[in-house]
Engineer: 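If you scroll down you'll find the structure; I have some questions about it.
Below, chains carry the letters A, B, ... as their sequence lines are ordered, and counting in each starts from 1. Please read these numbers as outputs of a predicted model, since none were measured by experiment.
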Amino acid sequence: MAVIDLANPSRFLGFANRIIPWLGALTLVVFAFAISRAMNAPDDYQQGATVKIMYLHVPGAWLGMLGWGLMTMAALGTLVWRHPLADVAAKAAAPIGAAFTFICLVTGSLWGRPMWGTYWVWDARLTSVLVLFLLYLGVIALWRTVEDPSRAARAAAILTLVGALDLPIIKFSVDWWNTLHQPASVLRLGAPTIDPSILIPLLISALAFTLLFAVLLLAAMRNEILRRRVRTLRLLQASTAS
Amino acid sequence: MRLCASDLGCRRGGRTVFEGISFAVEAGEALTIRGRNGAGKSSLLRLIVGLVRVGGGRLALEGGDPELSLSEQAHYLGHQDALKPSLSVGENLRFWSEYLGGLSSNAGEALTTVGLAALADFPAAYLSAGQRRRLSIARLLAVKRPIWLLDEPTSTLDTTAQEQLGGLMRAHLAGGGLILAATHSALGIDGAKELRLGEPQ
Amino acid sequence: MRLCASDLGCRRGGRTVFEGISFAVEAGEALTIRGRNGAGKSSLLRLIVGLVRVGGGRLALEGGDPELSLSEQAHYLGHQDALKPSLSVGENLRFWSEYLGGLSSNAGEALTTVGLAALADFPAAYLSAGQRRRLSIARLLAVKRPIWLLDEPTSTLDTTAQEQLGGLMRAHLAGGGLILAATHSALGIDGAKELRLGEPQ
Amino acid sequence: MSALAAMLARDLRVAVRVGGGALIGVLFFLVVVTLTPLALGPDLALLQRIGPAILWLAALLANLLALDRLFAADHEDGSLDLIMTGRAPLELVVAVKGLAQWLTTGLPLVIATPPIGLFLNLDAKAEGALVLTLLVGTPGLTFIGLIGAALAVTLRRGGLLLAVLVLPLTVPVLIFGVAAANAAVMGPVPFGTPFTILCAFTLASIVVGPFAAAAALRQEME
Amino acid sequence: MSALAAMLARDLRVAVRVGGGALIGVLFFLVVVTLTPLALGPDLALLQRIGPAILWLAALLANLLALDRLFAADHEDGSLDLIMTGRAPLELVVAVKGLAQWLTTGLPLVIATPPIGLFLNLDAKAEGALVLTLLVGTPGLTFIGLIGAALAVTLRRGGLLLAVLVLPLTVPVLIFGVAAANAAVMGPVPFGTPFTILCAFTLASIVVGPFAAAAALRQEME
Ligand code: HEM
Ligand SMILES: Nc1ncnc2c1ncn2[C@@H]1O[C@H](COP(=O)(O)OP(=O)(O)OP(=O)(O)O)[C@@H](O)[C@H]1O
Ligand SMILES: Nc1ncnc2c1ncn2[C@@H]1O[C@H](COP(=O)(O)OP(=O)(O)OP(=O)(O)O)[C@@H](O)[C@H]1O
Ligand SMILES: [Mg+2]
Ligand SMILES: [Mg+2]
């Protein structure tokens, strides 16, 4: 099936219905594997067992940013090609991305307590992630405020594009400003600087979370498409009856 | 029941809009208010319903419910529709029937009468100009009040709806109601009295 | 000059308002758009002026100024009056003539034509419904644009003003203009073409 | 009675529907609280010291700014004209609208305070005191705000003007609210003293607010 | 050209007329700044320490909240429909409206800062730095705010939602504005570094704001 076919909402529905159970099962398996690997991973000599928070924190951060990245691409789809599936994807991705960003914030805070002695500091990395979370909330509020989905999509797309400027700030804040947060050690130019005994479980955990993200996104998109169909049918019924 | 005005005056924004207006309307009678743009038709209706201060003269309702004020026995239908765009058509109407009359049971029937029953679950934001006006008219039917004050009720209505409104007004008069309507066009009620505003001045 | 639509469609709020509408209007011709409430008359006018997206079909202006888009050659007169209540009548009109056409010199004359010259220094907040509509009509006169798109232009106008508007429209047509007007009542232009929306589809 | 119930139900419904303002007040509160440390710079001791004041100020602004369209929206769409022709006393109608407003903006604010307080490094005791003072104080703010919301109808200008008119009236609530919250944390005054005064102010504004607002609405009809 | 001049003249005129918002932003600013010491208690050293931050926060809120009706008012009375049929490019029209807005709310704010700063016990040097940063920063805030004001048209809901959408975007302006003001007073960073970044942000928003806002308005027409 070509990608172009998936762009048709009905095709997409069929595809989603078929793939969601399989993808869900795969997610469960990878999660089980990731948990066992994480449990067996060695503690850090400096951070002790708290390093295990990393297996939640880092994937949370990545997927929080990935969510906005997807929304940015969908926003282009909405504004340039006016594609309805792009609207649906953007709307479905917002709460999921917000949830992952929230996970990053919460686990980061919990981790910060033993490491920095406080739940929260106002440094550039943390602040820019918080701004991302606020942007998510703003976009969700916007989606909830406009009844007509295609109008909401276009308004949200513009906000998403402007908000995308925050992503590079998050990514490079640790390099541009001198922060408490540690600089990138996995996603960087050149080889990762983490010990493989920690890196491998981290990557598996990231894979599990990514699969979870994909399943949630597909399911949310399916629900949204169905919700829109119901809406259209009701509108149609109302207009033909009067 | 008899609504009677003598030597009524009205001042708005520091200017006299009209002076020395007298009329009397009995139960079962209609009064159409005519006059050029700016003559004070809307102002007169708002004055009767208590939304503009009486600037002189006397306005009295004889034989109505003595416990209620004039404006509590009157329906006012102005240029604005008092609709909340985010509520559905049915919710809007039910709210006004409960608020104005304490009951919402007639609302469904009223919607059917004005031809909006199919749109009952539809957000009011999506109504066209004439559909909004029809919904306002449904309010008059959902709550029984003897006096109807209508400000250009037929504007934006299509011909079917105009005729239907004529029928509703005739039925209201036949039931002992009173109608005062400001208009530039024909209303479809026979034998209505006429008040011309701002003619000789 | 010729405005020509073929198989035009319009979707609003996820619903099809109309489909397959075709018409052609030449310079000097008028088209009245009729139909029941909610048929899509207002939507069609807004679509032509570019305020609602075209949902299918083709809309083309032949022979107009090639440097300007259709909406830049058209006057749109909708249900709203685009007046700032705190500015005076004259200031409101002068602003729109400068913004839309680059000149404010015709504004005084246009005010006289619609009978508002005496109110030129009056805040627009105090105008009655019909006076506001007259002021919108003055805008059509102050700036010359060949295409007039009028949405129920006569509603709230008194009979004198309705007749006067008829005269203005005839003069505009005689000068080679085009008029498309949505209305439920007579407009006072002879030989206008008619487009009925929402009848059999 | 049923007219008032209908009004309450409608206002709640409009607030939680698409386009309503139910959660926006909370978001505003959240954003203002987040911005403060950004402006102040990362000084946790300072934040802890001024935390209650910031939360109270943010709550005050969120509450008042959310009020601006309370009557103005009803005025613009003509609802207010019809409300005046109803049979329920205007004072009660106004009070019911105030109640609906508080339920949809004030109360969510109070509920959101504990998590937001974490950002400002507040401890459990301070949070408890803050939540209690906000729970008692925000109805006072809303009911005082009714007066401004009613005045905004004539002035045809909501938002900031309303805030300017009403903020001075809310000064006592603010002062005693913050004082009570601080007293609970640092002393030396006992918590009870400012808290009782706060309660008294709130009760007074629940009585005075609707009367003054109804009077203002009546005056404005012309 | 003359269309743009007409728009500028109209917006300025509407703002200074009765019911316009010209001075309300300043009043709001004044009130917020006065409330802060009331909430914090009279601690002059503390006030001096956080004075620039408070002034910047108040300026930010006053600026954004004043923006909410910029396009919404034109939308409700139908002016926006006619604006779209004009011949001037929409981006320029939007920029001109932003300019008028800044002249009537941002600039008065800057002018009012020195007297208001006295309340917060600021010295001459701090005031000078503040005025300069506000003069450069407030246009940035207004032009970023244009995006929110344009979005508010579809949302049919101004005020707080606008603030919620736009405030995260204004964070850099706030941070560097306060940083520059503080740098001038306390060091150790030289004033120039954050100030240059502030200028860059303002310039960027003067370019991006009108384009994004015009795009939003075009999208919303439907
Ligand atoms: C709420 C506070 C925190 C937030 C918002 C946060 C945010 C982030 C973000 C956005 C990333 C992804 C960076 C990238 O891909 O380049 C990340 C990675 C990371 N964070 Fe945090 N963080 C927080 C607290 C902490 C704490 C307390 C620690 C432990 C000392 C920590 C350790 C890490 C590590 C080790 C990485 C992986 C870096 C890499 O390999 O790229 N974080 N964090
Ligand atoms: N903003 C909108 N969003 C979605 N649907 C709308 C919107 N405005 C109108 N509609 C719908 O489009 C249809 C056509 O509306 P329109 O206003 O064009 O009708 P009309 O022919 O002008 O009616 P009227 O004679 O009552 O003015 C109606 O059914 C209406 O419900
Ligand atoms: N709110 C107001 N404040 C001050 N003056 C007003 C106000 N509203 C209307 N007026 C003035 O009162 C006069 C009468 O207005 P009114 O609206 O009653 O006229 P009308 O007869 O209904 O006209 P139309 O046929 O145009 O609706 C007008 O000259 C108008 O300028
Ligand atoms: Mg009138
Ligand atoms: Mg119409």
Engineer: Does any heavy atom of chain D fall under 4.5 Å from the side chain of E:I54, the backbone, both, or neither of them?
Structural biologist: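 E:I54 has no heavy atom closer than 4.5 Å to chain D.
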Engineer: Can you tell which of E:V32, E:T170, E:L167 has the highest number of heavy-atom pairs within less than 4.5 Å of chain D?
Structural biologist: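 Ranked by contacts with chain D, first place is E:L167.
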Engineer: Given heavy-atom pairs under 4.5 angstrom as the criterion, report whether the side chain, backbone, both or neither of D:L60 touches chain E.
Structural biologist: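 For D:L60, the contact with chain E is made by the side chain alone.
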Engineer: Can you see which heavy atom on D:L46 is nearest to which on E:I50, and at what distance?
Structural biologist: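 Taking D:L46 first and E:I50 second, the nearest heavy atoms are CD2-CG2, 3.8 Å.
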Engineer: Would you mind checking which part of D:T36 comes under 4.5 Å of any heavy atom in chain E, side chain (CB onward), backbone (N, CA, C, O), both or neither?
Structural biologist: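 For D:T36, heavy atoms of backbone and side chain both lie under 4.5 Å from chain E.
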